[in-house]
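Here's the structure we're looking at; comments come further down.
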Amino acid sequence: MKVLAINGSSRVNGNTAILLKEVLKPLIKNHVNTEIVHLKANEINSCCGCFECIRKKNNQCSQKNDMLNGLLIKMCQVDAIIIGTPTYFGDVTSEIKTLIDVIGLVSRANGMMLSRKIGASICVSRRAGGLRALDTINNFFLINDMIIPGSNYWNIAIGREPGEVLSDKEGLTTIHNLGENINWLLKKVN
């Protein structure tokens, strides 16, 4: 079993990365192969609506989108995908929105490439906006025919400066429980 975690924060070692490491702990403990990928804004291009992915059906974005095309290949090779984002102005980062737009269209244009994979969302909020960010990611999972596990509360932890989420014990417990639920679900569907 393989799980891919995607960090939509520009801070490689920030709060989102901390939560992604936390959600992966139960999976690593149970010998699940895991990987974290950090999106880099300067290496991805937004969807331009050219629809070449629909015409060509070659499982790729036709733009120079090497990082996203490589990420889509990885996403197709794993059993579960976890997407983490900080809250930017009440929603996901532009990097996550770009991933959703590009990979979502390419996946759907090529026979629903992500169908029946497990998809889980994680969000860091300073104060508010986290539910909308989770909803944005979960809608990406739902429209791509994916399975979404829950936790004992919303998959959000509170923090602004790097490391602040470590003080949110309830948030950390929620994220750890999500990891346990992903592990349980992986065993059920594989």
Side-chain angles (χ1 to χ4, degrees), residues 1-12 14 16-17 19-20 23-24 27 32-124 129 132-149 155 178 182 185-186 188-190:
M1 293 180 284
K2 294 181 183 177
V3 175
L4 177 66
I6 300 169
N7 182 2
S9 172
S10 58
R11 295 178 176 171
V12 174
T16 305
L19 294 184
L20 290 173
V23 76
L24 295 177
L27 298 159
V32 174
N33 292 325
T34 64
E35 179 183 0
I36 298 178
V37 172
H38 305 277
L39 292 182
K40 296 176 181 74
N42 61 343
E43 294 182 14
I44 58 178
N45 295 308
S46 298
C47 180
C48 66
C50 68
F51 301 118
E52 285 298 307
C53 59
I54 294 171
R55 283 189 278 283
K56 291 182 179 177
K57 296 196 183 307
N58 63 355
N59 302 333
Q60 294 187 353
C61 174
S62 65
Q63 297 186 81
K64 186 170 178 5
N65 247 339
D66 297 339
M67 181 178 195
L68 287 181
N69 283 329
L71 186 56
L72 180 57
I73 292 168
K74 286 183 182 213
M75 292 170 82
C76 289
Q77 294 172 342
V78 299
D79 303 292
I81 300 161
I82 304 166
I83 298 178
T85 186
T87 303
Y88 280 18
F89 293 93
D91 213 330
V92 298
T93 62
S94 59
E95 292 82 4
I96 293 298
K97 184 62 172 113
T98 297
L99 175 144
I100 287 169
D101 292 346
V102 172
I103 290 183
L105 185 57
V106 174
S107 169
R108 293 177 58 77
N110 290 276
M112 302 297 286
M113 298 167 71
L114 303 176
S115 182
R116 298 205 173 111
K117 292 188 180 295
I118 296 168
S121 57
I122 291 176
C123 180
V124 176
R132 182 172 177 162
L134 291 180
D135 189 45
T136 297
I137 297 168
N138 288 338
N139 281 327
F140 165 73
F141 294 144
L142 290 170
I143 201 167
N144 279 286
D145 195 31
M146 296 173 69
I147 302 161
I148 303 172
N155 305 331
L178 176 63
I182 293 168
L185 188 54
L186 281 168
K188 294 292 183 184
V189 298
N190 286 313

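Bear in mind that the values here come from a model prediction, so they are computed numbers and not experimental data. Numbering of residues begins at 1 and proceeds along the displayed sequence. What you see below is based on every heavy atom in this structure, not just the backbone, and it leaves out hydrogens, waters and symmetry mates.
- Of the possible donor and acceptor atoms, one in the side chain of Arg55 sits under 3.5 Å from a partner among the backbone N and O of Cys50.
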- Query: Between Met75 and Leu71, does a side chain to side chain contact (heavy atoms under 4.5 Å, CB included) hold up when you go through it step by step?
  - Reply: CA-CA 6 Å; Met75 292 170 82; Leu71 186 56; 4.1 Å; yes

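- Ile83 has its side chain out of reach of Ile100: every pair of non-hydrogen atoms, C-beta onward, lies at least 4.5 Å apart.
- Distance check: Asn155 CG to Leu178 CG gives 4.5 Å after rounding to the nearest 0.5 Å.
- To the nearest 0.5 angstrom, Asn65 atom CG is 10.0 Å from Gln60 atom CD.
- With hydrogens and angles disregarded, a donor-acceptor distance shorter than 3.5 Å links the side chain of Lys117 to the backbone of Cys76.
- Between Leu19 and Cys123, the closest heavy-atom pair is CD1-O, 3.9 Å.
- The line from CG of Asn144 to OG of Ser115 is 8.5 Å long, rounded to the nearest 0.5 Å.
- Once rounded to the nearest 0.5 Å, the distance linking CZ of Phe140 with OG1 of Thr136 reads 12.0 Å.
- Atom CD1 of Ile148 is surrounded by more than 12 heavy atoms from other residues, nucleotides or ligands within 6.0 Å.
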* Go through Met146 and Ile81 one step at a time and tell me if the side chain to side chain contact (heavy atoms under 4.5 Å, CB included) criterion holds. => CA-CA 10 Å; Met146 296 173 69; Ile81 300 161; 3.9 Å; yes

Run the side chain to side chain contact (heavy atoms under 4.5 Å, CB included) check on Lys97 and Asp91 step by step: do they pass? CA-CA 9 Å; Lys97 184 62 172 113; Asp91 213 330; over 6 Å; no

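- Here the side chains of Ile182 and Val32 are not in contact, with every heavy-atom distance at 4.5 Å or above.
- The backbone N or O of Ile143 lies less than 3.5 Å from a partner atom in the side chain of Arg108, making a donor-acceptor pair.
- Contact between Asn45 and Leu68 at its shortest, heavy atoms only, is O-CD1, 4.2 Å.
- Heavy-atom contacts from other residues, nucleotides or ligands closer than 6.0 Å to NZ of Lys64 number 12 or fewer.
- The distance from atom CD1 of Ile96 to atom CG of Leu39, rounded to the nearest 0.5 Å, is 5.0 Å.
- The shortest heavy-atom contact between Cys53 and Asn110 is O-ND2, 3.9 Å.
- Without hydrogens or angle criteria, Thr85 side chain to Thr93 main chain gives a donor-acceptor distance under 3.5 Å.
- Scanning all heavy atoms of the two residues, the minimum distance from Val102 to Ser46 falls at CG2-C, 4.0 Å.
- The shortest heavy-atom contact between Val92 and Ala133 is CG1-O, 3.6 Å.
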### Task
Please assess Phe51 against Leu105 for the test side chain to side chain contact (heavy atoms under 4.5 Å, CB included), listing each intermediate value before the final yes or no.
CA-CA 9 Å; Phe51 301 118; Leu105 185 57; 4.0 Å; yes

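- Using a 4.5 Å heavy-atom threshold, the side chains of Met113 and Ile103 count as separate.
- Rounded to the nearest 0.5 Å, atoms OG1 (Thr98) and CD1 (Ile44) are 4.5 Å apart.
- Shown here for Leu4 and Lys74, the closest heavy-atom pair between the two residues is CD2-CB, 4.0 Å.
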